[in-house]
Amino acid sequence: MNNKYYPNLASPITINGVTFKNRIFGAPMSNPELDPDCHMRKEDMAFHENRARGGLASVAIGLGIVDAVGRTHTKEVTLYDVMSLPSLKEMAKAMHRHNCNAVMELAHGGKYANARSHDGSAGQSAIGPNDEINPDGLTVRSMTEEDIYRVADCFASAAKLVKEAGFDMVLIHGGHGWLLGQFMSPSMNKRTDRWGGSLENRMRFPLLVIEKIREAVGCRFPIEYRMSGAEFTPGGYTIEEGVEMAKVLDGKVDIIHVSAGVHEDPEVFVITHPSMFIEHGCNVFLAAEVKKHVKTPVATLGGLNDPDMMEEIIASGKADIIEIARQSICDPYFPEKAFSGKKDDITRCCRCFTCFYNYLTNRTYSCAFNPVVGNELENKFGFPATSPKKVVVVGGGPGGMEAAITAANRGHAVTLYEKNSRLGGQLLSEEHIPFKADMFRFVKVLEKRLEKAGVTVKLNTELTAEQAAELGADVIMTAVGAKPIVPPIPGIDNHKVVTLEALHQTPPAIGQKVVILGGGLVGSECAIYLDGLGKEVTIVEMKDDWAADSYFMHKNAMKVYMKDSTIKIQVNTTAKAVTEEGLLCTAPEGEILFEADTILLAAGMKADRETAESFYNAAPRVFEIGDCIRAGRVADAVSNGYYRAIDI
């Protein structure tokens, strides 16, 4: 029987004898961190299992490294070590508990595999005829024929180990500029022997790897092959050659997984991992073109987070399988909600790179919208029951909303008070910004969850501490937020000066010539939005860099956008006064006037400590949430609201 909401997306597909319960696969994601021997910990298993619980047909563990020479960092499972087997077996069992197929990605970093100085030397690659120096200044050795056959055997041994562990499929990483992709790429493979030059020669090593793996796992075990449909780099191959490569793979693997780009190229990183400045489904056209020319099932991906779009992709024949990564972190129950007719309750990934940034810098994952991420193991077992209490939440931003929902779901009687006419707090500024649509959509999702949880919401009600005390609540949760920083300069009260509230309407209450006072993350994103509306935008920032508070991947995405924009950025510049002509500043070159019709104040936010502290002792327990503690990110507010509510 077909699912009545998404008949194509929910339909099962059988791949070489293995049935996948629907068409939404979990794309490869690396582990938060491994133990000192690079084996999976309980925390790693809980992270991947959390993705499996909500209805994905499969979950792929990323970057299982097949060879010690191929390691690029410390979060890669060492598939060349047989002692990885116990944890892999446990991982496979965890997936199967949720009727989810377990998949392992087999990878080798090639020239990027210096294992972050594991032995002080770089990896090996196609290259040829000479060695090269990688970006870390280390020598990358061109692989000999002996190396090629040895590494192919490593792939085979790793696949055999994965199958023994109980996994249901292996995924060969042949894209994103990793080792096999380096052989496939005309820009990276400069060999003059039978492993380089023509397309036939460049595909010889990937085919050898596939052949060796097939011998190791047998004919009745699915093999998925991830490739870049196009590299989008100078000298790299285009979709036309990508199609020819797929034709070579056709019939030799069981799924052709079409991704895009070269991972280590900053310009292309935001295509491989689409940023919020790129349309959803940006890489689907590559898979659609490949599918026209092959019989093997084709998988696609590219910042997908909308089940309607996914359904159309499958129904129209652009691809046979949808693969999602960040969306499965943001809302692991995405498939279950879609197939149950609850798509309005789906938290859609806004592609803010919070997860990626924390993975690279804090050695674990995090999510702006999902407070469970990074703490899956403790959340897996739930929290102790509590006796029902009367809870008052003051403030209807994302932190206050999450706190109210969590408290109500734990059995408490919750009333939320918001002084404005709408819920959402600072996220209301995102409503009309196209690339922030998923962030504003999060507000609407939280509103529905408040209603479902039975939270009483009182809008247009500015609750004072004295009034709150009279309510007789057991717990008061203050989520009163932060206030804009207003520079104490002459003319700051001029009619030309507006706050972010000017963006709460469409078109925004902004003139044609705009000076943004403050070049942090918020100011920079505002500049991109206004540039898209055709405004003349100048960013004025007193520090020596713009968007210094942004995640570096997100800043890279902004750089890629700004490269083709008319946005002007003035750093090391301090505002001196607002005049009728514009913003008078002191810059390294002296005093300078930036003419403006509108000066948008984006100098930052400061915690509203005065209001927050006024609520002290207004109830037996008073918790503070989010920006009233310190101005921060949505991720901090949501996580803080969730865990404070758990404490009740």
Side-chain angles (χ1 to χ4, degrees), residues 5-6 9-10 20-30 32 47-62 98 100 103 105 226 257-260 270-284 287 299-314 319 321-340 342-359 365-374 376 435-442 444-446 553-554 557 634-635 638:
Y5 301 105
Y6 297 100
L9 192 62
F20 295 78
K21 61 188 177 186
N22 59 58
R23 303 301 180 96
I24 310 178
F25 290 18
M29 297 198 74
S30 297
F47 167 75
H48 292 293
E49 185 179 2
N50 194 50
R51 298 173 65 205
R53 294 175 66 184
L56 288 175
S58 67
V59 165
I61 297 169
H98 306 288
C100 178
V103 181
E105 182 179 54
R226 169 180 261 192
H257 172 146
V258 183
S259 187
V270 295
I271 299 175
T272 302
H273 309 279
S275 74
M276 63 175 61
F277 306 110
I278 300 176
E279 68 275 9
H280 290 285
C282 59
N283 295 324
V284 173
T300 192
L301 73 176
L304 295 167
N305 70 354
D306 179 1
D308 291 342
M309 180 182 287
M310 296 179 187
E311 173 73 10
E312 189 280 329
I313 290 169
I314 302 298
I321 296 161
I322 302 293
E323 304 242 5
I324 60 173
R326 285 175 287 176
Q327 177 58 35
S328 70
I329 292 180
C330 187
D331 193 340
Y333 290 88
F334 173 91
E336 179 181 300
K337 291 176 181 178
F339 301 154
S340 301
K342 300 176 182 177
K343 73 173 183 178
D344 289 343
D345 189 42
I346 292 170
T347 306
R348 297 194 192 181
C349 171
C350 67
R351 304 180 294 178
C352 64
F353 290 122
T354 295
C355 54
F356 221 124
Y357 173 81
N358 277 276
Y359 167 73
Y365 282 103
S366 180
C367 177
F369 297 160
N370 187 348
V372 171
V373 175
E376 293 86 0
F435 55 85
K436 288 298 191 78
D438 292 315
M439 243 176 186
F440 179 71
R441 188 177 285 112
F442 182 53
K444 311 310 288 183
V445 169
L446 291 178
M553 295 82 61
H554 188 62
V634 175
V638 171

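Only this structure's heavy atoms are used, side chains among them; waters, hydrogens and symmetry mates stay out. These figures come from a predicted structure and were not determined experimentally.
Contacts of Y365 classified as side-chain hydrogen bond (donor to acceptor under 3.5 Å, both in side chains), with partners at least two apart in sequence or in another chain: none. Looking at residues two or more places apart in sequence or on another chain, you find a side-chain contact (heavy atoms from CB on, under 4.5 Å) between P371 and E402, V638, S639, Y642, Y643. Under the side-chain hydrogen bond (donor to acceptor under 3.5 Å, both in side chains) criterion, S275 pairs with no residue, sequence neighbours left out. Every residue meeting the side-chain contact (heavy atoms from CB on, under 4.5 Å) condition with R441, not counting sequence neighbours, appears here in chain and number order: R348, D438. Residues passing the side-chain hydrogen bond (donor to acceptor under 3.5 Å, both in side chains) test with R226 are H257, sequence neighbours excluded. Remark: T300 pairs with no residue by the side-chain hydrogen bond (donor to acceptor under 3.5 Å, both in side chains) rule, at least two apart or across chains.
D345 places a side-chain heavy atom less than 4.5 Å from the side chain of V445. In this structure the side chain of I24 reaches within 4.5 angstrom of the side chain of F334, judged on heavy atoms. Here the side chains of M276 and C352 are in contact, with some heavy-atom distance below 4.5 Å. Looking at K343 and P307, their side chains come closer than 4.5 Å, going by heavy atoms from C-beta outward. Side chains of Y359 and S30 form a contact here, defined as non-hydrogen atoms less than 4.5 Å apart.
Between the CG atom of L446 and the CZ atom of F369 there is a distance of 8.5 Å, given to the nearest 0.5 Å. In this structure, E49 CD and E376 CD are separated by 10.5 Å, a value rounded to the nearest 0.5 Å. Between the OH atom in Y5 and the CD atom in E311 there is a gap of 13.5 Å [rounded to 0.5 Å]. Taking CD from E336 and CG from N22, the interatomic distance works out to 11.5 Å, rounded to the nearest 0.5 Å. To the nearest 0.5 Å, atoms CG (L301) and CD1 (I321) are separated by 11.5 Å. From H273, atom NE2 reaches atom CD1 of I278 across 11.5 Å, with rounding to the nearest 0.5 Å.
Side chain of T272 to main chain of A260: a donor-acceptor pair is present (N/O by atom type, distance under 3.5 Å, no hydrogens or angles). No donor-acceptor pair under 3.5 Å is formed between the side chain of D331 and the backbone N or O of C349. Judged by distance alone, with hydrogens and angles left aside, the side-chain atoms of K337 form no donor-acceptor pair with the main-chain N or O of I346 at under 3.5 Å. No side-chain donor-acceptor contact under 3.5 Å links E105 to the backbone of M29.
Within a 6.0 Å sphere centred on OH of Y357, other residues, nucleotides and ligands contribute 12 heavy atoms or fewer.
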side-chain contact (heavy atoms from CB on, under 4.5 Å), that's the test. Do V258 and N283 meet it? Break it down for me.
CA-CA 8 Å; V258 183; N283 295 324; over 6 Å; no
Given side-chain contact (heavy atoms from CB on, under 4.5 Å), test I313 with L304 step by step and report yes or no.
CA-CA 11 Å; I313 290 169; L304 295 167; 3.9 Å; yes
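In this structure, a donor-acceptor pair under 3.5 Å is present between the side chains of Y6 and D308.
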